[in-house]
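Each chain gets a letter, A, B and so on, in the order the sequences are listed, and its residues count up from 1.
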There are 2 protein chains.
Amino acid sequence: MTPNEYNENLLRQHGLKSTRQRLAILDILDNKQAPLSTEDVYIELQKLDVAINLSTVYRTMDAMRDKGLIREAALAGDNRVLYEMARMEHRHYLVCIGCKKFIPLDGCPIKEYINGVASQTHYAIAGHRLDIYGYCPQCQAGGAGR
Amino acid sequence: MTPNEYNENLLRQHGLKSTRQRLAILDILDNKQAPLSTEDVYIELQKLDVAINLSTVYRTMDAMRDKGLIREAALAGDNRVLYEMARMEHRHYLVCIGCKKFIPLDGCPIKEYINGVASQTHYAIAGHRLDIYGYCPQCQAGGAGR
DNA sequence: TTGGATGCAAAAGTTTTGCACGGTT
DNA sequence: AACCGTGCAAAACTTTTGCATCCAA
């Protein structure tokens, strides 16, 4: 199965029609390792000369989020929502404040902690968000990435 | 020292002039246990019949954030930034998805984990964000808070 | 064929800015 | 007195919506 066929199935399995625009958006989310805002996705599409309207990108991101294909991930310094593919295991990131680079962290350090919170509070835990911020070695050196 | 005098000093110590509007905003942030968006603060001010312009609230929140008096905290379902007082110890929250209630959690469960990340990655860690989402007992019961 | 998806343009909503005036230090 | 802070109105920017057309199933 080609990567394109895979994404076509992915869309249909989630009750969404497979279209040129949606496949292009999935390609971008697949290939970028960092969470992207709606505007980010639109800019990437333009770089690839994909003809698409910004409102379509907004609607597509909404639809994919509602269907569970993508999820809201970390968020940047500004107040935009960033999305990433909803892979099986969730991810946490180490974000460089200087150059905005995202490094995925291995595993989830608070799995057990959350179990404890659940049993103490009787909340039905649905998810969590954890990101760590700092300066990468290059940016600490006042380096290129900045 | 009255609470008001305390906040007056707090502002001056951070290089900000003490004004009626800023004291009112600090009062609200002091008294609410949950992080608030700029708009939230504005609405609270109106409830208290404090005459203030929305753009002043935006500018004040920006200034207080820049001076370290408040910090960006958890964020809600929409994509607004939420602020809270920058107390000595930072806080994490358990947020109910149904009724939007914020429960502060005791301590920070990832202190040690972050030290490990720092030494492995050579990043200069500046901060982190952790929130847990779920449904409180009432909302699980389909209850009032919803 | 049919209902969902898209493009376009306009509207709605949010945040920022310029400028004159007012208030704190 | 000097300068920061505020209100007001306009501008800029982001996101949503209505509607006609298009396209996947």
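- No donor-acceptor distance shorter than 3.5 angstrom exists from the side chain of B/Arg22 to the backbone of B/Leu11, with no hydrogens or angles considered.
- If you check every strand for non-hydrogen atoms under 4.0 Å, A/Ala51 touches sugar and phosphate atoms only.
- Comparing atom distances between the A/Asn53 side chain and each of C/dA5, D/dG7, C/dC8 picks out C/dC8 as nearest.
- In this structure, the nucleotide among C/dT6, D/dG5, C/dA5 sitting nearest to the side chain of A/Leu16 is C/dA5.
- Computed from coordinates, the B/His14 NE2 to D/dG5 P distance equals 14 Å when rounded to whole Å.
- Judged purely by atom type and a 3.5 angstrom limit, B/Arg20 uses its side chain to pair as donor or acceptor with the backbone of B/Ala51.
- Among the protein residues, A/Arg59 comes within range of the nucleic acid bases, having at least one heavy atom under 4.0 Å from a base atom.
- As a whole-Å value, the separation of B/Met61 CE from D/dT6 P is 13 Å.
- At least one side-chain nitrogen or oxygen of A/Gln21 sits closer than 4.0 Å to the OP1 or OP2 atom of C/dG7.
- Annotation: of the two residues near DNA chain D, B/Arg22 and B/Ser55, the 5′-most nearest-nucleotide partner is B/Arg22.
- Going from atom OH of A/Tyr58 over to atom P of C/dA12 covers 18 Å, rounded to whole Å.
- A side-chain donor-acceptor contact under 3.5 Å links B/His92 to the backbone of B/Leu130.
- The listed nucleotides are C/dG7, D/dT15, C/dT16; the one nearest the side chain of A/Arg20 is C/dG7.
- Atom CZ in B/Arg65 sits about 13 Å away from atom C1' in C/dT16, given to the nearest Å.
- Rounded to whole Å, the distance from CG on B/Leu11 to P on C/dG23 is 18 Å.
- Judged purely by atom type and a 3.5 angstrom limit, A/Gln21 has no side-chain atom pairing as donor or acceptor with the backbone of A/Ile52.
- A donor-acceptor distance shorter than 3.5 angstrom exists from the side chain of A/Thr121 to the backbone of A/Val117, with no hydrogens or angles considered.
- Nearest nucleotide to the side chain of B/Lys17, out of C/dG23, D/dT6, C/dA5: C/dG23.
- Straight-line distance from the CD atom of A/Glu39 to the P atom of D/dT16: 13 Å, rounded to whole Å.
- Among C/dT6, D/dA25, D/dT15, the nucleotide with an atom closest to any side-chain atom of A/Arg12 is D/dA25.
- Formation of a donor-acceptor pair under 3.5 Å by the A/Glu39 side chain with backbone atoms of A/Leu54 is not found in this model.
- A straight line from CG of A/Asn9 to P of D/dA25 spans 10 Å, rounded to a whole angstrom.
- When all heavy atoms are compared, the tightest approach of A/Ser18 to A/Arg12 is CB-NH2, 4.2 Å.
- Comparing B/Leu54 and A/Thr19, the nucleotide of DNA chain D nearest to each residue sits closer to the 5' end for B/Leu54.
- In the model, A/Ser37 has a side-chain atom that pairs as donor or acceptor with a side-chain atom of A/Asp40 under 3.5 Å.
- With the end axes of the helix from C/dT1-D/dA25 to C/dT25-D/dA1 each set by five pairs, the angle from one to the other reads 40° at 10° resolution.
- For the pair A/Asp62 CG and C/dG4 P, the interatomic distance rounds to 17 Å; values are reported in whole Å.
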